[in-house]
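Below: the structure, in structure tokens.
Keep in mind that what you see is a predicted model, and the values were worked out from it rather than measured. In the text below, chain A, chain B and the rest are named by the order of the sequence lines, each starting its count at 1.
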Amino acid sequence: MSVGSELTGLTIAQARDLLDAKEFSAVELTQAHLERIERLEPALKCHIEITPDVALAQATAADRAIGDGDQSPLTGIPTSLKDVLCTVDSHTTAGSQILKGYRSAYDATVVSKLRSAGAVFVGKGNTDEFAMGSSTENSSFFPTHNPWDIDRVPGGSSGGPAAAVAAAEAMFGLGSDTGGSIRQPAGFCGVVGLKPTYGRVSRFGLIAFASSLDQIGPFTRTVEDAAIVLEAIAGHDSKDSTSSPRDVPSFRGSLRTDLKGVRIGVAEEYSVSGMEAGVETAVANAIEQLALLGAEIVPVSLPHTRYALSTYYITAPAEASANLARFDGVRFGHSVDAPTIKEMYERTRGEGFGSEVKRRIMLGTYALSSGYYDAYYVKAQKVRTLIKQDFDRAFEQVDVIVAPTSPTTAFRIGDRIDDPYQMYLADVFTIPANMAGIPGISVPGGFSNDMPVGLQFLGQSFDEATLLAVAHAYEQSQPWVTMTPALQ
Amino acid sequence: MALTLADVDHVATLARLGLTDAERERMRDQLSVILDHIGELAELDTDSIPPTASVTNMTNVWRDDTVQPSFTTDQVFQNAPRVAEGCFVVRTPLGGEGDEA
């Protein structure tokens with residue numbers, strides 16, 4: 001094993017100790033990741049833009065901070081940012097031709113927080129266009145490949161940063177999760193992916209998809225690392241009126257290795273027809289393991305789960321159709337001049353948006369249009385209430401709920417791209433958490449047909465501490481975290 | 001729920017989205033399938049259920065009305081396709097050719 005691969009195989013927590021002990025420098029750590037990116041990117045294509053100059057300048061500054069004893073937990077740690085997060089020193093495209101070449105005048109709040117913490121930005125991670133998709137095949141630039149099998153998708157929409165962390169091109173990534181876009185690719189790529197409670201992390205500078213559902217969160221190799229990153233990015237932000245004023249606890253401090261006294265719910269609604277047998281087996285094994293660790297397993301019922309997908313495919317496109325109205329060719333982005341302003345809008349948007357984005361704009365506009373607003377949009381908002389009430393009732397009986405992250409492991413590139421509804425089904429187990437605003441985490445839960453299985457834990461609003469504690473206890477009792485894809 | 005091409009055209013106009021003929025037909029077919037699935041929500045009796053638009057339970061979030069640094073005009077225009085005399089250039093929206101108020 002070369003020194004480079006030793007460095008890229010570390011967790012954030014391990015790298016922190018070694019950086020602080022001056023075993024290696026932040027520049028060496030960054031160079032090891034940049035070399036790995038250079039070697040692996042032709043096959044994996046995790047990044048829309050790679051930023052070695054930015055990274056090396058940040059790493060140099062990180063070494064100075066460490067030398068001065070002025071470091072934070074993320075100082076010098078290489079990071080992949082999903083390209084829906086605005087950054088001043090690279091392009092921000094949202095995976096769309098309509099934003100090709102766009103340069104933000106400001107950083108997203110999470111980006112400024114990571115910058116202040118001394119993190120190192122190696123690149124902008126690939127994403128389905130405007131985060132709309134479950135495979136990263138809707139990126140208008142190129143699909144990303146799963147590091148465990150390059151003929152398969154990494155999941156999506158945050159497939160770029162998920163695959164980058166799985167392939168050790170970065171020590172952590174940031175993604176966004178509107179209906180599962182962190183947890184599902186984390187499951188497909190065999191890494192940890194955390195969607196915090198809605199309001200826990202500021203959305204300022206996140207290119208909006210569905211504003212009442214979007215939430216930013218980390219990809220990491222371990223639950224402990226997810227806790228470290230969440231502590232760095234969470235907290236109130238006056239620039240996001242939906243961000244919560246609640247205090248951010250020490251998530252890392254609440255991690256534990258046994259589950260005595262913890263009540264874990266299992267809902268029969270998270271088993272559907274067409275599920276991969278290996279996924280069902282992995283989840284059943286995980287439930288046994290949780291019981292062995294001392295947890296009390298409690299059956300719970302979430303009866304409206306089966307309606308979540310339909311609810312989502314009204315609510316999210318409706319919000320998206322409003323959010324994406326700003327891409328009109330006037331202030332930024334792709335623009336087609338035309339004789340009339342209406343034609344200019346239509347041609348700009350017709351050329352600039354890809355097919356999935358158009359589909360969702362159409363669906364959302366339809367659901368909000370005169371004559372259909374009550375039957376679709378308001379109806380979906382009411383069913384959203386029912387989904388949330390299901391969770392409220394379940395959490396009177398249990399502390400967390402365990403479920404599969406997705407019904408299958410990663411599917412083959414091209415398999416679902418022509419059938420939008422089949423693609424939407426990939427998010428059937430992740431969407432309910434977004435509808436209710438609760439936190440969810442996907443952790444590696446074994447393998448099915450040699451591909452990673454994601455095990456999902458769902459927690460109560462603003463109780464990421466318990467969620468992370470349970471996920472950590474499970475992870476530490478299993479070998480999955482030590483298994484990595486066989487990349488050359 | 002089967003959509004017609006006229007439905008597709010109406011919604012595309014509302015969304016200011018230019019579609020090719022092939023896209024119009026594909027949209028009609030694909031959206032009809034999706035709307036069929038989504039129609040299952042009608043099974044649920046929601047007459048007495050309040051709608052949820054946001055899960056934060058927060059109302060009226062205020063901040064102090066204080067002067068903050070703002071962008072320079074260079075920053076504001078740095079991505080603009082067409083600029084003249086410190087303004088974004090657009091075709092006249094009213095009274096011009098093709099106006100349909």
Taking every non-hydrogen atom, the tightest pair across I341(A) and T92(B): CG2-O, 4.3 Å
Under 3.5 Å donor-acceptor, R349(A) side chain and R16(B) backbone: yes
Contact origin within Y312(A) toward chain B - heavy atom pairs under 4.5 Å: neither
Distance (rounded to the nearest 0.5 Å) between L14(B) CG and I361(A) CD1: 12.5 Å
Contact winner vs chain B - I314(A), D419(A), L99(A), V378(A), heavy-atom pairs under 4.5 Å: I314(A)
Best-contacting candidate, V76(B), I38(B), V61(B), T56(B), against chain A by heavy atom pairs under 4.5 angstrom: I38(B)
From H10(B) atom NE2 to S369(A) atom OG, the distance as rounded to the nearest 0.5 Å: 5.5 Å
Toward chain B, the part of Y372(A) with a non-hydrogen atom under 4.5 Å: side chain
Interchain contact, A325(A) with chain B, by part (heavy-atom threshold 4.5 Å): neither
Largest heavy-atom contact set with chain B, pairs under 4.5 Å, which of Y313(A), Y102(A), Y198(A), Y345(A): Y102(A)
Part of S370(A) within contact of chain B (heavy atom distance under 4.5 Å): neither
Non-hydrogen side-chain atoms of S241(A) and R63(B) separated by less than 4.5 Å: no
Ionic contact status for R91(B) with D337(A), cut-off 4.0 Å: yes
Sequence neighbours excluded - ring pair (Phe, Tyr, Trp, His ring centres under 6.0 Å) pairs with any residue from residues 17-68 of chain B: Y421(A)-H37(B)
Donor on one side chain, acceptor on other, E40(B) and S310(A), under 3.5 Å: yes
Per-residue contact mode, A436(A) against chain B (heavy atom under 4.5 angstrom): backbone
Considering all heavy atoms, the nearest M435(A)-V55(B) contact: O-CG1, 3.6 Å
Heavy-atom pair count under 4.5 Å with chain B, highest-scoring of T348(A), V330(A), L368(A), T315(A): V330(A)
Most chain B-contacting option - heavy-atom pairs closer than 4.5 Å, from P420(A), S321(A), S238(A): P420(A)
Taking every non-hydrogen atom, the tightest pair across F332(A) and P81(B): N-CD, 3.9 Å
Listed partners of S70(B) passing side chain to side chain contact (heavy atoms under 4.5 Å, CB included), at least two apart: none
Side chain, backbone, both or neither of L44(B) within contact of chain A (heavy atoms, under 4.5 Å): both
Residue part contacting chain B, namely of Y376(A), when any heavy atom lies under 4.5 Å: side chain
Under 4.5 Å from any heavy atom of chain B - which part of S104(A): backbone
side-chain hydrogen bond (donor to acceptor under 3.5 Å, both in side chains) partners for S335(A), two or more places apart: R82(B)
Winner by heavy-atom pair count (cut-off under 4.5 Å) against chain A, out of D7(B), I49(B), D74(B), V8(B): I49(B)
Chain B neighbours within residues 350-360 of chain A, where any heavy atom lies under 4.5 Å away: G350(A), F353(A), S355(A), K358(A), R359(A)
Donor-acceptor contact present, side-chain R103(A) to main-chain Q78(B), <3.5 Å: no
N60(B) versus chain A, the contacting section by heavy-atom distance below 4.5 Å: neither
Nearest non-hydrogen partners of L41(B) and K379(A), listed with the distance: O-CE, 3.0 Å
Rounded distance [0.5 Å steps], NE2 in H334(A) versus CG in N79(B): 14.5 Å
Within-4.5 Å side-chain heavy-atom neighbours: E43(B) and Y307(A): yes
Partner chain B: residue of G101(A), A105(A), S212(A) with the largest heavy-atom pair count (under 4.5 Å): A105(A)
Rounded distance (nearest 0.5 Å) linking atom CG of L19(B) with atom CD of E346(A): 9.0 Å
Leading residue by heavy atom contact count with chain A [cutoff under 4.5 Å; candidates L35(B), T20(B), T72(B)]: L35(B)
Chain B contact via D240(A) - side chain, backbone, both or neither, heavy atoms under 4.5 Å: neither
Between Q75(B) and Y106(A): side-chain donor-acceptor atoms closer than 3.5 Å: no
N/O donor-acceptor pair under 3.5 Å between T52(B) side chain and R384(A) backbone: no
Portion of M344(A) that has a non-hydrogen atom of chain B nearer than 4.5 angstrom: side chain
Approximate separation, where rounding is to 0.5 Å, of T46(B) OG1 and L386(A) CG: 7.0 Å
